[in-house]
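The structure displayed is predicted, hence computed values, not measured ones.
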Amino acid sequence: MKSNKATFNVRFIVNLRVFILGSVIGGVMALSQSCCAYTYGFDMTRLQRLVDHAQGGDVITIPPGIYYGNLKINKSITLNGKGRVILDGKQRGSVIKVNAPNVRLISLKIRNSGIELGNEDSAILLDDSPQFLLKNTIITNTLFGIQLRASPHSKIINVKIKGYPFDLARRGDVLKAWYSPHLEVANGDFSGGRDVVVWYSDYSKMINNTIRNGRYGVHYMYSHKAQVKNNTIEDNSVGIYMMYSHNMILEENNIHRNHGPSGFGIALKECNEIKIIRNSLIGNRVGIHSDNSPLKKPKQIKEESLVMSNNISHNDIGFNFVGRGKGLTIVKNDFNDNWVQVSSKAVRELNSKWEENYWSDYKGIDIEGRGIGAFPYRARNLFNDLTDKYEGLKVFSFGPAIIALNFTERLLPWLNESPKFEDKRPRMGRWKNYEKRSINYAFIFIFLGMSFCVSFLWRLGRI
């Protein structure tokens with residue numbers, strides 16, 4: 001009996017060792033197979049041959065691996081990397097150049113473009129390539145990210161782009177569209193570049209993207225009828241700058257902490273028929289900047305320019321006017337705790353329509369209980385008038401001299417000029433509670449624990 005037991009123990013130990021050894025070998029082989037795509041490299045000529053021998057309309061599933069060099073595509077094909085392919089430009093030139101319609105690039109990883117600003121080295125460079133599609137792709141270490149030249153009806157969907165860690169002056173644009181109307185950019189994540197540029201490109205859509213740590217979040221110029229919706233644009237020099245562009249819709253964007261030399265959250269330069277609706281503009285140097293916008297009189301255009309239901313809070317200046325201050329309809333916004341709520345330079349009267357906005361510094365009362373102040377909100381503050389002319393005086397804000405100046409102004413109102421504007425129906429409370437409501441989970445757990453203890457003691461008959 002002892003010998004049989006000893007034999008069994010020996011066999012068990014041997015089998016256990018074989019099992020462990022087999023598991024280790026199998027794991028190493030599986031790991032090597034999963035990593036082989038990124039440890040074994042090819043010259044880009046191998047992929048170039050596949051492209052050159054393909055027919056228009058072909059779908060090429062690229063064999064896994066790293067491909068070093070530059071690729072040219074001059075026919076309508078689809079390249080699918082299935083997330084297992086890296087195209088590495090070795091810091092020379094543009095990694096991919098496209099010069100054909102209906103090219104589709106799917107599930108690729110692209111890195112290490114050239115670094116020459118004069119050559120505009122890019123991860124992807126398109127010339128005269130309409131209906132281009134880039135989807136589910138990651139681009140890293142690039143000077144320019146994607147450049148579209150005369151490439152209308154293109155789509156950039158679920159793409160992440162991160163530029164080289166250069167100083168801002170040495171960076172290229174994360175995305176640059178030139179004469180490429182009907183562009184759609186959605187679900188992107190862009191950082192570490194210079195600008196997102198859309199020039200001479202009408203009917204573009206910028207939806208659900210995140211743009212951080214650049215110069216201009218999005219820069220529109222001569223690009224009409226665009227939609228910018230549900231984007232997060234943070235920590236840039238400027239959030240959205242729109243120049244000479246008309247009939248634009250900016251809706252439900254989060255535009256925060258843009259604090260460059262200009263530091264505009266949203267800036268309008270000679271634009272007509274603009275809709276700025278339900279945006280969050282927090283912590284910028286200027287929330288909204290209007291420079292001669294709208295340029296034309298309301299009777300000369302089809303639709304009014306509307307600023308409605310925005311959260312304009314904790315900016316140095318909430319709304320800034322330069323040049324023309326007429327023609328805007330500014331209603332139902334929250335102007336909350338901006339250092340200066342409204343500023344204007346060389347504009348004596350802001351002949352825009354102001355109505356039912358909330359002003360955190362409003363001193364009126366609600367007599368009728370309708371949530372509307374009994375007296376108009378008037379932008380008439382001697383110190384703000386002085387800082388409009390001499391910005392250096394802001395250093396004295398909240399000091400005893402300014403408190404005394406404001407007190408004197410109330411006693412002697414004739415010291416100040418007529419108000420720049422007035423909101424005849426100021427709202428007493430904020431339109432929306434933007435503060436996150438926290439739940440006291442500790443209290444809930446304590447309550448549930450006490451209930452359990454009472455129930456348990458009651459079952460034991462102790463209560």
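Residue D366 comes nearest to M428 through the heavy atom pair CB-CG, 3.7 Å, listed as atom of the first residue, atom of the second, then distance. Of all heavy-atom pairs between R430 and Y358, the closest is CG-CE2, 3.3 Å.
In this structure E252 satisfies the salt bridge (Lys or Arg N to Asp or Glu O under 4.0 Å) test together with R278, sequence neighbours excluded. For N119, there are no side chain to side chain donor-acceptor pair (under 3.5 Å) partners two or more places apart in sequence or in a different chain. Remark: N247 pairs with no residue by the side chain to side chain donor-acceptor pair (under 3.5 Å) rule, at least two apart or across chains.
Within the 4.5 Å cutoff, side-chain heavy atoms of M242 are placed close to those of L250. With contacts defined as side-chain heavy-atom distances shorter than 4.5 Å, the pair N333/V307 qualifies. In this structure, the side chains of N338 and I312 come closer than 4.5 Å at one or more pairs of heavy atoms. Looking at K155 and L134, their side chains never come closer than 4.5 Å, going by heavy atoms from C-beta outward. Residues I60 and I77 meet the side-chain proximity criterion, which asks for heavy atoms closer than 4.5 Å. Two residues are said to be in side-chain contact when any heavy atoms from C-beta on lie closer than 4.5 Å; V218 and Y216 fail this criterion. In this structure the side chain of V322 reaches within 4.5 angstrom of the side chain of H289, judged on heavy atoms. Residues I255 and N253 are in side-chain contact: their nearest non-hydrogen atoms beyond the backbone lie under 4.5 Å apart.
The distance from the NZ atom of K160 to the CG atom of N187 is 14.0 Å, given to the nearest 0.5 Å. From L105, atom CG reaches atom CD1 of I110 across 6.5 Å, with rounding to the nearest 0.5 Å.
Using a cutoff of 4.0 Å between basic side-chain nitrogens and carboxylate oxygens, D235 and R212 are not scored as salt-bridged. A salt bridge is defined here as a Lys NZ or Arg NE, NH1 or NH2 lying under 4.0 Å from an Asp or Glu carboxylate O, and E234 with R257 meets this definition. Using a cutoff of 4.0 Å between basic side-chain nitrogens and carboxylate oxygens, E120 and R149 are scored as salt-bridged. At a threshold of 4.0 Å, the pair R215-D195 counts as salt-bridged, since one of the basic side-chain nitrogens sits closer than that to a carboxylate oxygen. Residues K205 and E184 are not paired through a salt bridge, judged by the lack of any N-O separation under 4.0 Å between the basic side chain and the carboxylate.
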- [ ] Please report the C-alpha distance between Y220 and S204 in whole Å, then the side-chain angles of each, then the deciding distance to 0.1 Å, and finally whether the side chain to side chain contact (heavy atoms under 4.5 Å, CB included) criterion is met.
- [x] CA-CA 10 Å; Y220 287 92; S204 67; 3.5 Å; yes

Open item on the list: For a side-chain hydrogen bond (donor to acceptor under 3.5 Å, both in side chains) check, start with the C-alpha distance between E270 and S245, then their side-chain angles and the critical distance, and finish with the verdict.
Closed with: CA-CA 8 Å; E270 297 184 12; S245 301; over 6 Å; no

TODO: Would you check, one step at a time, whether the test side-chain hydrogen bond (donor to acceptor under 3.5 Å, both in side chains) holds for D361 with Y377?
DONE: CA-CA 9 Å; D361 57 338; Y377 173 86; 3.1 Å; yes

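For an aromatic pair to be called close, the ring centres must be under 6.0 Å apart, and W199 with H219 satisfies this. Aromatic pair F319/W359: ring centres not closer than 6.0 Å.
With hydrogens and angles ignored, the 3.5 Å screen pairs a side-chain donor or acceptor of N209 with a backbone N or O of V185. Without hydrogens or angle criteria, N231 side chain to N208 main chain gives a donor-acceptor distance under 3.5 Å. Using a distance-only test at 3.5 Å, with no hydrogens or angles considered, a donor-acceptor pair links the side chain of T142 to the main chain of F144. A distance-only check finds no donor-acceptor pair linking the side chain of N112 to the backbone of Q91 [under 3.5 Å].
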